[in-house]
Amino acid sequence: MSGLKDAGHLFRFAGLFVLAFLIFLVVRHYIVPKSFGQYGHYRGAAMGEIAAHPAKFAGHDACETCHSDIADKKKTGKHAHVNCEACHGALYQHVAGPEQPKPGLYQRFLVMVGKAIPPDPAVLRHADDPSTVVPVKPDTATLCVRCHTASAAKPKGFPQVNPAEHSNGMPCETCHQPHNPAIDAGGAK
Amino acid sequence: MNISRRQMLVLLPAAAVAWKFVLAETPEQSPNYKMTEHWWGMLIDISKCIGCGNCVRACRTENDVPEGFYRTWVERYHVSDENMTEPEVISPAGGENGFPVAAEDSKKYFFVPKMCNHCADSPCTQVCPVGATFVAPDGVVLVDPKYCLGCAYCVQACPYGCRYIHPKKEVADKCTLCYHRITQGLTTACCEVCPTGARQLVDLKDPKDPIHEFLKTHAVQVLKPQMATGAKAFYNGLDGSVR
């Protein structure tokens with residue numbers, strides 16, 4: 001052991017390394033988010049956060065729950081597979097109520113320390129009154145031509161017209177009811 | 001600034017509480033959604049696309065995509081029968097406002113909607129130096145905005161040009177396959193508003209999904225198959241000239 005007699009400085013140095021490594025492990029434990037590595041080399045909680053993005057389109061199932069009369073009318077026509085929001089725009093807020101402001105930092109702090117109860121998401125967004133957000137009636141003059149203007153690039157079987165020649169300036173809904181556009185389906189008002 | 005020992009004793013626990021608060025993560029939003037039971041993809045039917053731009057507008061609305069950037073866009077191809085390798089391709093404002101009227105001529109015209117292919121072996125996730133982008137267990141390629149540094153390696157790596165650096169957040173941004181919708185049982189915004197059904201969300205792990213029968217009976221192709229990205233945007237009727 002005489003060879004190690006003068007090696008004290010090496011052990012002290014090695015001790016420092018071990019200490020530094022332990023400190024690194026402790027710091028790392030606190031800095032790396034808990035869900036990192038849960039599913040792979042990424043933060044597992046990121047998926048929940050991305051999924052928390054508020055939706056803007058409600059989906060046609062939601063529309064048809066209340067507007068079953070329109071759904072029935074649409075079902076038999078050429079526009080059966082054109083969903084409501086394709087023409088009427090994004091209407092999640094019509095279904096779920098207008099978006100409420102997110103709780104602020106102070107509010108969340110109160111919840112954290114137990115001085116306030118967390119808000120119920122169902123109370124934050126409710127659709128007691130769908131009329132708070134209502135769709136604007138689409139203008140058929142701009143809406144219909146978006147799809148039905150004739151162009152060589154469109155599939156051949158798709159119904160296409162030259163709007164200027166086709167209606168003589170009359171709005172489309174004079175002859176075609178958008179929910180069931182065939183003229184013999186009672187289009188004219 | 002001088003801090004006394006007494007002040008320090010108060011400040012340290014306060015800082016610890018604050019840090020705990022920073023680390024607190026949002027819990028799983030849809031408790032009924034099981035990631036391992038899905039493998040998402042998209043079916044895009046070229047023969048049905050009319051170039052109306054509904055998908056591009058809906059995507060912008062649904063995902064707050066900044067002006068001038070696109071998570072999905074539509075291209076119009078114009079291909080002559082003599083020179084298939086050099087098609088004329090236009091995509092004015094990503095097709096957001098539709099396309100100019102095309103007059104009949106001797107060449108072939110068609111529309112190609114484009115978006116993230118949600119590759120199973122995605123080149124964009126492999127180059128991320130910090131683990132900010134990944135293929136989720138349900139097959140969706142996502143970006144963790146809290147971890148992303150905005151180095152844009154992934155923007156360069158994507159062979160399909162589907163990523164961009166968000167001008168405000170300064171992190172990589174891309175199609176999430178409307179992750180907030182599909183985890184709730186809704187379809188994506190672009191599929192919801194497509195008037196002709198040219199886009200369909202598909203779940204390859206769902207044995208009842210009609211995609212299995214469709215893939216078996218149609219000439220379906222993915223973009224740049226030679227790159228072996230495991231792309232899951234399946235194109236029906238894809239012309240050989242499409243890049």
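Scope of the values below: all heavy atoms of this structure, side chains included, with no hydrogens, waters or symmetry mates. Labels below follow one simple rule: chain letters A, B, ... track the order of the sequence lines, proteins then strands, and each chain is numbered from 1.
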> What part of A:Phe57 gets closer than 4.5 Å to chain B, counting heavy atoms only: side chain, backbone, both or neither?
Replying inline: both

> Checking B:Thr196 against chain A: side chain, backbone, both or neither under 4.5 Å from a heavy atom?
Replying inline: side chain

> Heavy-atom distance under 4.5 Å to chain A: side chain of B:Leu186, backbone, both or neither?
Replying inline: side chain

> Among B:Asn54, B:Thr72, B:Thr188, which one satisfies side-chain hydrogen bond (donor to acceptor under 3.5 Å, both in side chains) with B:Arg199?
Replying inline: B:Thr72

>> At a 4.5 Å cut-off on heavy atoms, which part of B:Val135 comes close to chain A: side chain, backbone, both, or neither?
In response: backbone

>> Strictly below 4.0 Å, N to O, side chains only: are B:Asp81 and B:Lys108 in salt-bridge contact?
In response: no

>> Under a 3.5 Å cutoff, is there a donor and acceptor pairing between the side chains of B:Asp45 and B:His218?
In response: no

> Does a side-chain N-to-carboxylate-O contact under 4.0 Å join B:Lys205 and B:Glu37?
Replying inline: no

>> Under 6.0 Å from the ring centre and within 45 degrees of the ring axis: does the NZ or CZ of B:Arg163 meet both conditions for the six-membered ring of B:Phe69?
In response: no

>> For chain A, which candidate among B:Phe99, B:Phe111, B:Phe110 shows the most heavy-atom pairs at distances under 4.5 Å?
In response: B:Phe111

>> What part of B:Ala103 gets within 4.5 angstrom of chain A, counting heavy atoms only: side chain, backbone, both, or neither?
In response: backbone

> For B:Cys49, is it the side chain, the backbone, both or neither that has a heavy atom under 4.5 Å from a heavy atom of chain A?
Replying inline: backbone

> At a heavy-atom separation under 4.5 Å, does A:Ala62 approach chain B through its side chain, its backbone, both, or neither?
Replying inline: neither

> Using 4.0 Å as the upper bound for N to carboxylate O, is an ion pair formed by B:Glu88 and B:Arg76?
Replying inline: no

> Is B:Lys232 positioned over the aromatic face of B:Trp39, cation under 6.0 angstrom from the ring centre and no more than 45 degrees off axis?
Replying inline: yes

> Side chain, backbone, both or neither: which part of B:Ser47 has a non-hydrogen atom closer than 4.5 Å to chain A?
Replying inline: backbone

